[in-house]
Protein chains: 2
Amino acid sequence: MSLPPTDKQLLALAQSFRTTLRHAVYLSRSMDSDGELTTMQMSTLSMAADEPLRVSRVAANLGIRVPSATEQIIKLEQAGLVLRQPDPTDSRAVLVQLTETGREAWEAAGRRRNERVAALLEQLDDDDRATLAAALPIIEKLNHTA
Amino acid sequence: MSLPPTDKQLLALAQSFRTTLRHAVYLSRSMDSDGELTTMQMSTLSMAADEPLRVSRVAANLGIRVPSATEQIIKLEQAGLVLRQPDPTDSRAVLVQLTETGREAWEAAGRRRNERVAALLEQLDDDDRATLAAALPIIEKLNHTA
DNA sequence: GCTCATAGTTAGGTAGCCTAACATTTTCGG
DNA sequence: CCGAAAATGTTAGGCTACCTAACTATGAGC
């Protein structure tokens with residue numbers, strides 16, 4: 001037991017992982033595409049839910065360039081979900097903050113998505129759920145490493 | 001033990017799962033964006049690797065519409081990676097099949113991606129890897145259910 | 001054989017991303 | 001303390017991948 005894994009084993013696991021991840025992307029897409037808010041919009045709103053943040057932070061967190069973030073944020077603003085205000089401590093910067101409408105929309109959409117996923121998870125047995133729950137932080141670890 | 005999970009527990013797991021999945025989408029994107037082949041192209045090639053298949057099958061498997069699939073397949077054809085040939089049993093249909101070049105490109109890209117992921121997985125300890133390996137089929141189960 | 005369904009392609013449009021160029025503000029070395 | 005360089009956003013223009021609608025051609029059924 002507990003011998004160091006061979007390259008072959010690692011590569012086999014890597015392949016399964018990639019395949020599952022690819023399928024999971026579809027799963028994620030189908031769970032999040034309910035015509036309300038896109039995944040990116042949800043992420044943006046959830047960032048702003050904690051505290052107002054800069055456009056450049058939004059871009060970095062979303063993994064996109066600043067002009068693209070500006071574009072998306074302006075759309076959220078036009079939808080009345082966020083406000084764009086100059087940063088009082090640095091007038092180059094723009095702070096993105098949630099409106100009350102935005103917070104409500106974000107929370108409602110999150111609830112609905114959670115319920116949809118919970119309905120899926122309900123069909124697993126307890127062991128499977130436990131395994132899944134144990135694996136989530138490991139996947140996060142990988143994400144952080146990469 | 002083994003009581004039925006409460007709604008609260010399910011919703012909490014659902015939330016974690018959604019979050020991790022969202023992050024995993026980024027992970028997947030970064031692992032697959034090496035400027036060679038897009039994830040969609042890899043998927044298309046891997047489908048065609050088993051046996052020639054119809055454009056409509058490609059579209060269905062990729063979760064996109066037929067015209068979009070046609071577009072992508074034509075690009076793969078122009079790159080010399082696939083051939084488009086009329087189905088001998090139904091001349092309305094078009095069969096997409098891999099060229100030798102396509103097979104080599106697909107295998108090489110798959111190898112490189114696997115190596116990259118294996119390098120990540122190598123940094124986990126044995127327990128984590130075992131948990132991860134156990135979770136993959138469960139996630140597939142969810143994907144199949146949804 | 002005529003009608004209707006099926007398989008793909010073409011045409012035209014949209015959304016989200018990109019880079020390059022710009023205006024404004026801050027920072028900092030001389 | 002001032003001019004150059006860096007940082008923050010926005011604007012402009014372009015690309016790609018997706019979409020729907022309309023079309024052609026083939027197959028299937030009464």
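Order of the sequence lines fixes the chain letters, A, B, ..., with proteins taken first and strands second; residue numbering starts at 1 for each chain. Here the structure is a predicted model, which is why all the values come from computation and not from measurement.
We find that CE of A:Met42 is positioned 16 Å from P of C:dG16, with the value rounded to whole Å. Rounded to an integer number of Å, the gap from A:Gln78 CD to D:dT10 C1' is 14 Å. In this structure, B:Gln72 places its CD atom 10 Å from P of D:dC19, rounding to the nearest Å. Rounded to a whole Å, the CZ atom of A:Arg65 is 17 Å from the C1' atom of D:dT16. Atom CD1 in B:Ile73 sits about 12 Å away from atom C1' in C:dA7, given to the nearest Å. Atom C1' of nucleotide D:dG9 and atom CG of A:Leu95 are separated by 12 Å, given to the nearest angstrom. Remark: C1' of D:dA17 and CD1 of B:Ile64 are 8 Å apart, rounded to the nearest angstrom. Atom CD of B:Gln41 is separated from atom C1' of D:dT16 by 11 Å (rounded to the nearest Å).
For B:Thr70, the side-chain atoms get nearest to C:dT10 when compared with the rest of C:dT10, D:dG9, D:dC19. The nucleotide whose nearest atom lies closest to any side-chain atom of B:Arg84 is, among C:dT9, D:dG9, C:dC18, C:dT9. Distances were taken from every side-chain heavy atom of A:Arg54 (C-beta onward) to each of C:dT9, D:dC19, D:dT8; the shortest belongs to D:dT8.
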Report summary line: Letter by letter from the 5' end, nucleotides 21-30 of chain D scores (B base, S sugar-phosphate only, - none; protein heavy atoms under 4.0 Å) B---BBS---

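Residue A:Glu71 is classed as a base contact, given a heavy-atom separation below 4.0 Å to a base. The residue A:Val66 sits close to a base: some heavy atom pair falls under 4.0 Å. Among the heavy atoms of the strands, none lies under 4.0 Å from A:Arg57.
A distance-only check finds no donor-acceptor pair linking the side chain of B:Arg54 to the backbone of B:Val94 [under 3.5 Å].
Other residues, nucleotides and ligands contribute at most 12 non-hydrogen atoms within 6.0 Å of the CZ atom of B:Arg65. The number of heavy-atom neighbours closer than 6.0 Å to CZ of A:Arg84, taken from other residues, nucleotides and ligands shown, is above 12. The environment of CZ in B:Arg116 is crowded: more than 12 heavy-atom neighbours from other residues, nucleotides or ligands sit within 6.0 Å.
Each of A:Ile74 and A:Ala93 has a nearest nucleotide on DNA chain D; the 5'-most of these lies closest to A:Ala93. The residue among B:Ser56 and A:Ala69 whose nearest nucleotide of DNA chain C lies closer to the 5′ end is B:Ser56.
Using modelled atom types, one finds a donor on one side chain and an acceptor on the other under 3.5 Å when comparing B:Thr20 with A:Glu140.
The phosphate of C:dA15 (OP1 or OP2) has no side-chain N or O of A:Lys75 nearer than 4.0 angstrom.
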Report task. Report the C-alpha separation of A:Gln85 and A:Gln97 in whole Å, then their side-chain angles, then the decisive distance to 0.1 Å, and conclude whether the side chain to side chain donor-acceptor pair (under 3.5 Å) test is met. Result -> CA-CA 8 Å; A:Gln85 288 180 323; A:Gln97 71 176 3; 3.1 Å; yes

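Side-chain contact between A:Leu37 and A:Leu45 is present, with at least one heavy-atom pair separated by less than 4.5 Å.
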